[in-house]
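Please read these numbers as outputs of a predicted model, since none were measured by experiment. Letters A, B, ... are given to chains in the order of the sequence lines, protein chains preceding strands, and every chain is numbered from 1.
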2 protein chains.
Amino acid sequence: MRTLKYAILGLLNMKDMSGYDLSEEFGFSLNEFWHASHSQIYPELKKLTAEGMIEYEEDSKGEGLVKKIYHITDLGRKDFINWLSKDEEIGETPKDVFRLRMFFSSRLPGERRLELLKNHLMRHELRISHLKNNMTKFSKVPQKDSDEFGDYLVLMGAIMREEMTIEWIKKCIELCNR
Amino acid sequence: MRTLKYAILGLLNMKDMSGYDLSEEFGFSLNEFWHASHSQIYPELKKLTAEGMIEYEEDSKGEGLVKKIYHITDLGRKDFINWLSKDEEIGETPKDVFRLRMFFSSRLPGERRLELLKNHLMRHELRISHLKNNMTKFSKVPQKDSDEFGDYLVLMGAIMREEMTIEWIKKCIELCNR
DNA sequence: ATTTGCATGTAATCTGTTACATGATTCA
DNA sequence: TGAATCATGTAACAGATTACATGCAAAT
């Protein structure tokens with residue numbers, strides 16, 4: 001499906017960037033629903049350049065340093081918009097190791113199961129506090145035709161996902177305590 | 001991390017099964033949080049047999065048909081319980097193509113964005129109705145030391161996940177309609 | 001007879017992670 | 001001067017999907 005390709009094209013469609021900048025974006029705004037490490041990004045950039053989807057200029061600041069600033073081409077933009085408009089089926093449910101453990105958890109001593117649930121709860125409570133903190137960057141709902149609007153929607157979705165997870169774990173704990 | 005290994009060991013710890021039976025389990029109860037196709041399962045069974053984690057008997061019913069019924073060994077059980085008890089960090093957030101699209105959705109005509117959201121909503125409403133229908137197999141909350149209890153917990157979690165997703169999409173539609 | 005389901009496997013490819021490898025710049 | 005950050009890449013491996021490949025049994 002080449003989703004990484006479209007994630008990169010989408011980001012470059014917003015702003016010219018280097019491979020390093022892209023990997024920072026993947027670690028920040030996109031982090032809650034897509035991730036890619038630099039070892040995946042650099043080869044993909046090479047491939048996209050060969051395909052004519054993107055081009056770069058070398059920004060040589062200082063002496064030997066060469067930073068490649070990529071920008072999207074018309075071909076790339078066309079391909080991206082076409083992908084963006086696609087109405088796809090829901091894919092395979094995402095894999096979740098913790099849920100897999102809970103599925104088998106009757107084979108665990110009761111106290112251990114509770115420990116795992118409580119620790120998991122703490123981690124998700126920490127995560128939601130980070131997300132809610134990120135949310136403060138929006139003083140109000142952004143304009144729906146702005147880049148920030150998409151950012152807002154998915155951050156809202158991430159918080160809701162964490163709230164649901166916390167609620168689920170609490171229910172599990174409750175049922176285990178009966 | 002060899003999670004597939006432990007998913008298989010966990011299932012065989014509940015009940016002796018063939019590779020075919022296992023792939024049916026992955027398509028049914030585990031489906032909401034783990035999936036594996038037969039082309040992944042058969043090589044893994046071979047590997048686990050070589051490692052002494054599982055063994056099989058050939059069930060030849062009829063003429064040439066050979067069905068391999070696998071069972072877990074003591075070594076496998078020990079390894080499984082050890083894995084089950086592990087208290088791991090939360091992994092990378094699962095990848096989500098629809099959320100990626102919504103992140104970039106300001107580049108789409110407003111009507112198209114709404115169409116995508118509404119179609120996605122319908123698909124999740126269909127999915128939740130299937131899940132709620134599955135839930136009817138439990139007339140009451142199973143005993144917490146039974147295999148059904150884990151099944152119950154994760155099915156409850158799957159329904160909550162769908163409810164959250166539906167709520168999120170509805171909020172997105174609302175914000176897009178302002 | 002033909003299709004559907006049961007049953008098992010391999011090969012090629014794609015996607016993603018971890019480790020390896022290098023070197024400049026900036027800040028303490 | 002040493003550590004952190006910026007910056008770019010490759011190699012090896014692990015995990016997962018799609019396609020290829022075969023054959024029996026049961027039902028229509």
Quiz item: Given atom CE of B/Met17 and atom P of C/dA7, what is their separation to the nearest angstrom?
Solution: 13 Å
Exercise. To the nearest Å, give me how far apart CD (B/Glu92) and P (C/dT17) are.
Key: 7 Å
Quiz prompt | Relative orientation of the end axes in the helix from C/dA1-D/dT28 to C/dA28-D/dT1, expressed as an angle to the nearest 10° (five pairs per end) | solution = 30°
Show the atom names and distances, to 0.1 Å, of all donor-acceptor pairs under 3.5 Å that link a side chain in residues 81-91 of chain A to residues at least two apart or in another chain.
residue, atom, partner, partner atom, Å
A/Ser85, OG, B/Arg112, NE, 3.0
A/Asp87, OD1, B/Arg123, NH1, 3.0
A/Asp87, OD2, B/Asn119, ND2, 2.8
A/Asp87, OD2, B/Arg123, NH2, 3.4
A/Glu88, OE1, B/Arg101, NH1, 3.0
A/Glu88, OE1, B/Arg101, NH2, 3.0
A/Glu89, OE2, B/Arg123, NE, 3.4

Quiz item: Expressed in angstrom and rounded to an integer, what is the separation of A/Leu22 atom CG from D/dA7 atom C1'?
Solution: 13 Å
Quiz item: Taking DNA chain C as the partner, which of residues 33-49 of chain B come within under 4.0 angstrom of it by heavy atom?
Solution: B/His38, B/Ser39, B/Tyr42, B/Lys46
Quiz item: Is it true that B/Arg2 and B/Glu44 make a salt bridge, defined as a side-chain N closer than 4.0 Å to a carboxylate O?
Solution: yes
Exercise. Grab the CD1-P distance between A/Ile8 and C/dT15 for me, whole Å please.
Key: 12 Å
Quiz item: Rounded to whole angstrom units, what separation is found between the OH atom of A/Tyr56 and the P atom of D/dG9?
Solution: 8 Å
Quiz item: Is any NZ, NE, NH1 or NH2 atom of the basic residue among A/Lys15 and A/Asp147 found under 4.0 Å from an Asp or Glu carboxylate oxygen of the other?
Solution: no
Quiz prompt | Of B/Gly19 and A/Thr3, the one whose closest DNA chain C nucleotide lies more 5' | solution = B/Gly19
Practice problem: State yes or no: are the ring centers of A/Phe80 and A/Tyr6 separated by less than 6.0 Å? | Solution: no
Quiz item: Looking at residues at least two apart in the chain, or sitting in another chain, which of them share a ring-ring contact (aromatic ring centres under 6.0 Å, His included) with A/Tyr56?
Solution: A/Tyr70
Quiz item: Is B/Lys144 reaching over with its side chain to a backbone N or O of A/Arg178, donor-acceptor style, under 3.5 angstrom?
Solution: yes
Practice problem: Write down the distance between CD (A/Glu57) and C1' (D/dA7), rounded to a whole number of angstrom. | Solution: 18 Å
Practice problem: Select base, sugar-phosphate, or nothing to describe what A/Lys95 touches, counting heavy atoms under 4.0 Å on all strands. | Solution: sugar-phosphate
Quiz item: Considering residues at least two apart in sequence or located in another chain, which fulfil the ring-ring contact (aromatic ring centres under 6.0 Å, His included) criterion with A/Phe149?
Solution: none
Quiz item: Can you name the residues that form a ring-ring contact (aromatic ring centres under 6.0 Å, His included) with B/His35, not counting sequence neighbours?
Solution: none
Quiz item: Within this structure, what is the CD-to-P distance between B/Glu24 and C/dT8, rounded to whole angstrom?
Solution: 11 Å
Exercise. Using whole Å, report how far OH of A/Tyr20 lies from C1' of D/dT8.
Key: 11 Å
Exercise. Report the residue from B/Thr165, B/Ile169, B/Ile166 that forms a side chain to side chain contact (heavy atoms under 4.5 Å, CB included) with B/Glu125.
Key: B/Ile166
